[in-house]
> 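Before I ask anything, let me first share the structure, which is written out below as structure tokens.
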Amino acid sequence: MSAHPHPLADKALAKLHRLAEGNGLSPADITLIGAEEQGIAFRAEMLLTLETSLEKKRYPGFARAARRGGEATQLSSQKEMDSARAGFETQISESSRWINETVAQLKEAPGNGFGMMAADITLDGMARVFSASETCTSCQGSGTAPCTVCQSTGYVTCKHCQGTGQELCPTCNGRGTDPQSPHEHKYCPTCAGATYINCRFCLGRRQVTCPACNGRGRTSCAVCGGHGKFTLEQRVLPTVRAEFRPLESAELPSGLRRALDRGGFKLLNRLAKITVGTAEDLGNKKARLAYEAQFPYAEARARLAGKAARITVIGEKAVLRDVPPFLDAPMEAALDNAKATLDKALKLRAMGDLLAVLLSGRELMDFMRQYPMGLSGQVVTRMREHVLRLVQERTLLARAGASCFCLAVLGGIYYALLASHLRAGFAAMLFPAAAYLFDAFVCGLSLLGLDMALRFAAASHMRSLTRPGEKVALSGQRTGVLGLCVGACALFLYLAMLWFLGAVTR
Ligand SMILES: [Zn+2]
Ligand SMILES: [Zn+2]
Ligand SMILES: [Zn+2]
Ligand SMILES: [Zn+2]
């Protein structure tokens, strides 16, 4: 051990000790050989480039600009609109407002936007909408078009009389005689013997008012929807392209470079104290923002379970990188011992933690969060298999006991149901085949009850293995081969009882 103080490496060592505690490694197995500590001031800059995105729209009717976000300006022609828009674009690039708004948005991002690669920042507060109207060329602004149904006459031929103006008399059906007194040769009172009357729809005029234009001869223009004009709209949205660039990255220690290559510069958002300079206007729609990330850094040489390792420690919270899977060895030693009982394996804290996670039905990720380093994925997979197998073995006796008890209870219930002629009564009440429905219902209910009972037995047994306060989820228990066997036994028991009682009553 060197005589120099190294507070960060000591913090890292304490973290490793906490991980190793109860996991088959003593504090003496994890020692610090030496460490180089330094304060790092990592400088970087963000290059900001103003770009404007233009969104064009054309729709019939009046301008709806106010609804679309941004200050709206109405102009009388398209030419005026284009020049007003160009003027606005120049105006925003010449003032520094876009820079201030961008910096304000960056300050709300984590780490003031430190490490943000190739991002587009939209300045919605500065958006502007320009609009101008354009006369509809189809109707020359009138909003109407000649009616095609009546060819602009306003009238169409009467369909009822096919344009004849006459229809067969409905009273005499065209006979001309009075239907009330057929034998007296009287004329029909309606048509007076003419057999035809004036059409009741067009009143003899042979044509009716055009239904499409209501007799006006013109309908509303289909191109502009009757508005007579279109609105041209241009929405200018100032957008800033932000490019983050580290400065002097060549001088970084190798461990830090590896961590940044893997985690990105955003990694430092959480670990470092980040300061932002004031933005510098470079002109020509460009600006620069300077950053500095300050944090303590250490490269520690340590001995972990007999092996030398170089560990990277970053930031005040001592975030560790490059830690070898030093807990693998004690875990594998426990796993390789084939005769290890559950209790022996559970003496290792990590095994107990894994058992608690698995039994409570939580995700494996929960376990990985407790052990973010020190264990390789391969070993965690082996540990999981081992723990699950041991749980299954350990609960076998409890579940077998529950099975025997359940079968005895089911036998009693079956006898009561069948001997009381409930099944026969059910079939007699409905129809003969209903007896099979009764069987299916009873057997289905039995399987459900067995499944629940076995899970409950296993879970309550597991509760005695876990630490107090840990939850045990019923869903974490599998039915297994035993469950299937007991289910089959229950079905056989029911059938045997059915045959036996049937034979006895016969
Ligand atoms: Zn039109
Ligand atoms: Zn018409
Ligand atoms: Zn008539
Ligand atoms: Zn008619």
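Whatever order the structure lists them in is the order used to number ligands and atoms, beginning at 1. All heavy atoms count here, side chains included; hydrogens, waters and symmetry mates do not.
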> Looking at Glu280 and Arg288, does any basic side-chain N land under 4.0 Å from a carboxylate oxygen?
yes
> Describe, in one word, how the ring planes of Phe114 and Phe244 are oriented to each other, choosing from parallel (under 30°), tilted (30 to 60°) and perpendicular (over 60°).
perpendicular
> If you round to 10 degrees, what value do you get for the angle at the Zn ion (ligand 3) between Cys188 atom SG and Cys172 atom SG?
110°
> Check whether the ring centres of Phe265 and Phe42 lie less than 6.0 Å apart, and answer yes or no.
yes
> Where the Zn ion (ligand 1) is the centre, what is the SG-to-SG angle for Cys139 and Cys136, rounded to 10°?
100°
> Please state whether the separation between the Zn ion (ligand 1) and some N/O/S atom of His227 is under 2.8 Å?
no
> Name the residue from Arg310, Arg258, Arg257 that meets the salt bridge (Lys or Arg N to Asp or Glu O under 4.0 Å) definition with Glu299.
Arg310
> Can you give the angle Cys210 SG - the Zn ion (ligand 2) - Cys213 SG, rounded to 10°?
100°
